[in-house]
Amino acid sequence: MNKSIRGRALTGTALALATATVLTACGGETSSSADTKSGKTTDATPAVAVKEPLVATFDGGLYILDGESLKLAKTIDLPGFNRVNPAGDKDHVMVSTDSGFRVLNATDQALTDIEYKGAKPGHVVRHAAKTVLFTDGTGEVNVFDPTALSSGKKPSGRTYTSAEAHHGVAIELADGNLVSTLGTEEKRTGALVLDRNNKEIARNENCPGVHGEAAAKNEAVGVGCEDGILIYQDGTFTKIDSPDDYGRIGNQAGSDASPVLLGDYKTDPDAELERPTRVSLIDTEKKKLRLVDLGTSYSFRSLARGPHGEALVLGTDGAIHVITPDTGKIEKKIPVVGEWQEPLDWQQARPTLFVRGHVAYVSEPGKKALHAIDLETGKKITSVTLPKSTNELSGVVAGH
């Protein structure tokens with residue numbers, strides 16, 4: 001999913017997290033449930049202000065941490081499997097629960113009353129100063145200006161409902177056109193484009209198993225397929241095929257600084273869990289796909305982009321692999337955590353990479369640890385040990 005990047009060293013992120021269940025996987029297709037009406041907060045220390053907070057999930061709740069010191073500021077009790085994404089402003093995080101998307105004010109360290117109800121809340125996309133929510137259980141798309149969340153009221157915004165509910169994703173472009181996936185609960189086929197009035201103006205159904213989204217330089221938008229990737233730019237769809245008959249790109253990361261998208265790459269349709277060692281680099285200008293072998297596997301929480309557009313992958317060898325997107329060259333490896341293996345269940349904890357500005361935040365569940373790394377120097381800025389092992393990691397990120 002497209003992630004905005006800004007700031008220097010430890011300026012900026014606040015992941016607001018509050019999620020509870022029946023959440024749709026970005027790395028899998030299953031879900032679970034929980035009591036989302038809870039949200040009790042407990043102070044780890046007397047309430048203190050946090051700078052661009054981070055949010056980490058654990059079994060039974062959320063941790064809110066200071067973005068500079070990584071000091072634990074607040075614990076929010078929230079039963080169930082929790083998921084979080086930046087809301088798109090400097091204070092809030094979207095929390096996926098069994099009843100829909102809820103809004104967490106991470107700066108104030110409290111859940112708000114703002115909620116987008118609907119079963120199986122899925123992808124959250126931030127682009128062109130708009131945030132787009134896709135609710136898998138209903139097919140509903142909600143688009144809003146995230147800066148309006150500061151009013152404390154649910155922002156007014158655009159809505160659209162897919163022809164059939166499915167595990168999908170949508171993104172609104174700078175011109176107001178909306179790119180949204182096509183499919184049913186059983187089969188996903190491609191994407192369509194709607195104008196400002198939700199009138200269909202383009203469609204492509206040559207993208208089996210469509211999943212995930214990312215935007216590159218010059219607003220080239222890619223959605224992954226089981227046999228490549230589908231690119232929409234300047235009013236036209238273009239399919240870029242994988243070199244394998246089954247070459248699935250299901251998770252992507254984009255940057256406004258690069259025309260190249262970073263994606264995962266899997267080739268075994270029958271695997272219970274494929275642990276690939278190759279990633280894909282999709283040049284949206286040349287319409288070409290390159291594969292890069294890392295020599296180590298990774299997970300769907302391993303992909304990110306750096307402040308200069310560099311492609312970042314957290315490997316199971318414990319290092320962040322820094323790749324030049326134009327050439328596919330691995331420029332360096334930054335050791336961060338110990339060796340790990342991706343668990344079979346996508347909801348189980350594994351090291352997670354979250355990037356904001358020049359800082360990479362990496363969780364290490366096996367040691368209940370969280371680390372901040374300066375991407376320019378490759379040096380560790382600080383680390384913290386938390387009361388419990390964490391799962392998802394995010395923070396506040398303003399701008400797009």
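Keep in mind it's a predicted model, so treat the numbers as computed, not measured. Residue indices begin at 1 and follow the sequence shown. These numbers come from the heavy atoms of this one structure, side chains and all, not from hydrogens, waters or symmetry mates.
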Is the shortest side-chain N to carboxylate O distance from [X] to [Y] below 4.0 Å?
X	Y	value
Asp113	Lys153	no
Glu274	Arg248	no
Lys130	Glu172	yes

Taking the six-membered ring for Trp, are the ring centroids of Phe81 and Trp346 within less than 6.0 Å of each other?
-> yes
Ring centroid separation His166 to Phe134 under 6.0 Å | yes
Report yes if some heavy atom in the side chain of Ser258 is under 4.5 Å from a heavy atom in the side chain of Arg305; otherwise report no.
-> yes
Quick one: does His167's side chain get under 4.5 Å of His123's, heavy atoms only?
-> yes
Does Asn142 use its side chain to pair, donor to acceptor, with the backbone of Leu133 at less than 3.5 Å?
-> no
Donor-acceptor contacts under 3.5 Å from residues 311-323 side chains, at least two apart:
residue	atom	partner	partner atom	Å
Thr316	OG1	Thr296	OG1	3.0
Thr316	OG1	Ser297	N	3.4
Thr316	OG1	Ser297	O	3.3
Thr316	OG1	Ser297	OG	2.9
Asp317	OD1	Ala319	N	3.1
Asp317	OD1	His321	NE2	3.2
Asp317	OD2	His321	NE2	3.0

Interatomic spacing from OG1 in Thr159 to OH in Tyr116 - rounded to 0.5 Å = 10.5 Å
Pairwise distance CG(Leu149) to CG(Leu104) - rounded to 0.5 angstrom = 11.0 Å
Salt bridge (Lys or Arg N to Asp or Glu O under 4.0 Å) with Glu342: which residues, sequence neighbours excluded?
-> Arg350
State which residue, out of Leu353, Val355, Asn251, fulfils the side chain to side chain contact (heavy atoms under 4.5 Å, CB included) condition with Leu303.
-> Asn251
